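Computed from a predicted model, the values in this text were never measured in an experiment.
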Amino acid sequence: MDWRQLAIAAALVPGVPLFVSMIKMPESHQWLTKQGKLDQAQKSVGFFRGPGYDAQAEVDMIRENILNKHGAEISIWEQIKLFRLPQNWKPILVVFLIFMCGQFSGFAVVVNYTVTIFDAANTGIDSNTSTIIVGTVRFLSTLVSAVLLDRVGRKPLLMVSAIGSCAGMLSIGAFFYVKEVHDAAQNIGWLPLASLLLYVFFNELGYGPIPWLLSGELIPLAVRTLGNGVAVTAYSMFAFIISVTFPSILKHFSSYAAFWMYAAFSLSGVFISWWLPETKGKTLEEIETYFVPKDKRQNQQRTSV
């Protein structure tokens, strides 16, 4: 099998099941409510929330929110003007910073330079085999994350991911420090693979999926089009910066300095998590109120009463 056939097969493996699953997937209840299809909206809520959930109450909340905004589509220019409101720019800033921490933790480096890292470690373990093992652990960790996200919650999982990713980067940095400074890494040739497996497992546990999930949950509906554009652009920009600068860092500084820098960025996600509201089990309308200033929130509650 040449690389073209392998690329096609790799695209079909996730693509075909995704296409089949989308056939039975209902439209979002927000969109159905906006179109006036309230019965379908309730069925959609029931599909996503499960039996026993009060679908009618959520649809009524969505409908009230739409009516308060006169059901109008907001242009990009109007969204830019709405950025000055704290309830709009704060969640976008949080998502932006989480994307930054996730990428600056060294994720793009591990993905793009796995073979290079193992070649530099010169541990005697085959670099290509190690890369396959790392990719397998990434896949398994993503499955674990999918199970835990709605059980543990986004906030604690992100903290655990940040600490675990930091530990992985500190560990591989320690290996290169011993190797480059003391030339005494002969007996710890297993450490680079173990460190990257530790890093990849914890990174995919939180830093991988959670920023994408939060970009859909935290960013308010009023500025979601522009806000998601900012989030995706930030992700791509940070991935590009990390990928491009890694060879230069190795050339002008040292391997262990690079990995310890990524460890520091990994750990910074713990502090950003303090700003993060827990979105598990909450509707989008409930999440939006978190960033509304306290005085305005109280006025809204008095008005609704």
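L149 contributes atom CG, which lies 9.0 Å from atom OG1 of T279 (distance to the nearest 0.5 angstrom). Going from atom CG of L198 over to atom CG of L170 covers 10.0 Å, rounded to the nearest 0.5 Å. Between the CD atom of Q56 and the CG atom of D39 there is a distance of 9.0 Å, given to the nearest 0.5 Å. Taken from CE in M237 to CE in M100, the straight-line distance is 9.5 Å, to the nearest 0.5 Å. The distance from atom OG1 of T33 to atom CG of D60, rounded to the nearest 0.5 Å, is 9.0 Å. The line from CG of L140 to CG of L205 is 12.0 Å long, rounded to the nearest 0.5 Å.
Heavy-atom contacts from other residues, nucleotides or ligands closer than 6.0 Å to NZ of K155 number more than 12. Within 6.0 Å of atom CZ in F240, 12 or fewer heavy atoms from other residues, nucleotides or ligands are found, so the atom counts as exposed in its surroundings. At most 12 heavy atoms of other shown residues, nucleotides or ligands fall within 6.0 angstrom of atom CZ in F253.
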Go through the steps to decide whether E217 and R154 satisfy the test salt bridge (charged side-chain N to carboxylate O under 4.0 Å, His left out), and finish with yes or no. CA-CA 11 Å; E217 291 181 335; R154 286 70 161 145; 2.7 Å; yes
Starting from the C-alpha separation in whole Å, work towards a yes-or-no answer on side chain to side chain contact (heavy atoms under 4.5 Å, CB included) for L226 and I219. CA-CA 10 Å; L226 191 58; I219 300 176; over 6 Å; no
From CA spacing to verdict: side chain to side chain contact (heavy atoms under 4.5 Å, CB included), V94, K90: CA-CA 6 Å; V94 170; K90 283 184 178 180; 5.6 Å; no
Starting from the C-alpha separation in whole Å, work towards a yes-or-no answer on side chain to side chain contact (heavy atoms under 4.5 Å, CB included) for Y290 and L218. CA-CA 9 Å; Y290 179 86; L218 287 185; over 6 Å; no
Given R84 and W89, is the side chain to side chain contact (heavy atoms under 4.5 Å, CB included) satisfied, shown in steps? CA-CA 7 Å; R84 61 185 176 82; W89 65 260; 5.8 Å; no
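Annotation for V200 and S141: closest pair O-OG, 4.2 Å, computed over non-hydrogen atoms. Shortest non-hydrogen contact noted between P211 and V95 is O-CG1, 4.3 Å. When all heavy atoms of S171 and L191 are compared, the closest pair comes out as OG-CD1, 3.3 Å. The nearest pair of heavy atoms linking I249 to A258 is CG2-CB, 3.5 Å. Between W260 and A174 the shortest heavy-atom distance is NE1-N, 3.5 Å. The minimum heavy-atom distance linking H29 with A41 is given by the pair CB-O, 3.6 Å.
Proximity of T129 to F118: side-chain heavy atoms (C-beta onward) are nowhere separated by under 4.5 Å. Residues L157 and S145 meet the side-chain proximity criterion, which asks for heavy atoms closer than 4.5 Å. Residues M159 and F271 fail the side-chain proximity criterion, which asks for heavy atoms closer than 4.5 Å. Residues P91 and P220 form a side-chain contact, since some pair of their non-hydrogen atoms from C-beta on lies under 4.5 Å apart. At a threshold of 4.5 Å between non-hydrogen side-chain atoms, the residues I172 and I117 count as touching. Within the 4.5 Å cutoff, no side-chain heavy atoms of K43 are placed close to those of L32. Using a 4.5 Å heavy-atom cutoff, the side chains of S105 and Y207 are in contact. No side-chain heavy atom of V223 sits under 4.5 Å from any side-chain heavy atom of Q87.
By the criterion of side-chain heavy atoms lying less than 4.5 angstrom apart, applied directly or through intervening Ile, Leu, Val, Met, Phe, Trp or Tyr residues, L267 is not grouped with F202; the two fall into different hydrophobic clusters. Cluster membership check: L197 shares its hydrophobic cluster with F201, using side-chain heavy-atom separations under 4.5 Å among Ile, Leu, Val, Met, Phe, Trp and Tyr. A continuous path of hydrophobic side-chain contacts links V144 to L213 [ILVMFWY only; heavy atoms under 4.5 Å]. A continuous path of ILVMFWY side-chain contacts below 4.5 Å connects V232 to F99, so both sit in one hydrophobic cluster. A continuous path of Ile, Leu, Val, Met, Phe, Trp and Tyr side chains, each step under 4.5 Å between heavy atoms, connects Y256 with W190, placing both in one hydrophobic cluster.
Other members of the hydrophobic cluster containing V45, listed by chain and number, are L38, Y53, V59; membership follows side-chain contacts under 4.5 Å among ILVMFWY residues, whether direct or relayed.
For the pair S254 (side chain) and L250 (backbone), a donor-acceptor distance under 3.5 Å is absent. Under the 3.5 Å distance criterion, the side-chain polar atoms of S215 are matched with a main-chain donor or acceptor of W212. For the pair Y199 (side chain) and F107 (backbone), a donor-acceptor distance under 3.5 Å is present. S273 places no side-chain N or O within 3.5 Å of a backbone atom of L276 that could act as its donor or acceptor partner.
Looking only at atom types and distance, the side chain of S266 has no donor-acceptor partner in the side chain of S165 under 3.5 Å away. Looking at S161 and N203, their side chains never bring a donor and an acceptor atom within 3.5 Å of each other. The closest side-chain donor-acceptor pair between Y177 and S255, if any, does not fall under 3.5 angstrom. Between the side chains of E27 and Q40, no donor-acceptor pair is found at a separation under 3.5 Å.
Judged as a side chain to side chain contact (heavy atoms under 4.5 Å, CB included), and not counting sequence neighbours, the contacts of A234 are F96, F238. Residues satisfying the side chain to side chain contact (heavy atoms under 4.5 Å, CB included) test with I132, not counting sequence neighbours, are T136. Partners of F259 under the ring-ring contact (aromatic ring centres under 6.0 Å, His included) rule, at least two apart in sequence or in another chain, are F176. The ring-ring contact (aromatic ring centres under 6.0 Å, His included) check on F246 picks up Y113, with sequence neighbours excluded.
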Distance-only criterion, 3.5 Å: show the donor-acceptor pairs between side-chain atoms of residues 16-26 and protein atoms not counting sequence neighbours.
from: S21; atom 1: OG; to: P17; atom 2: O; distance (Å): 3.2
from: S21; atom 1: OG; to: L18; atom 2: O; distance (Å): 2.8

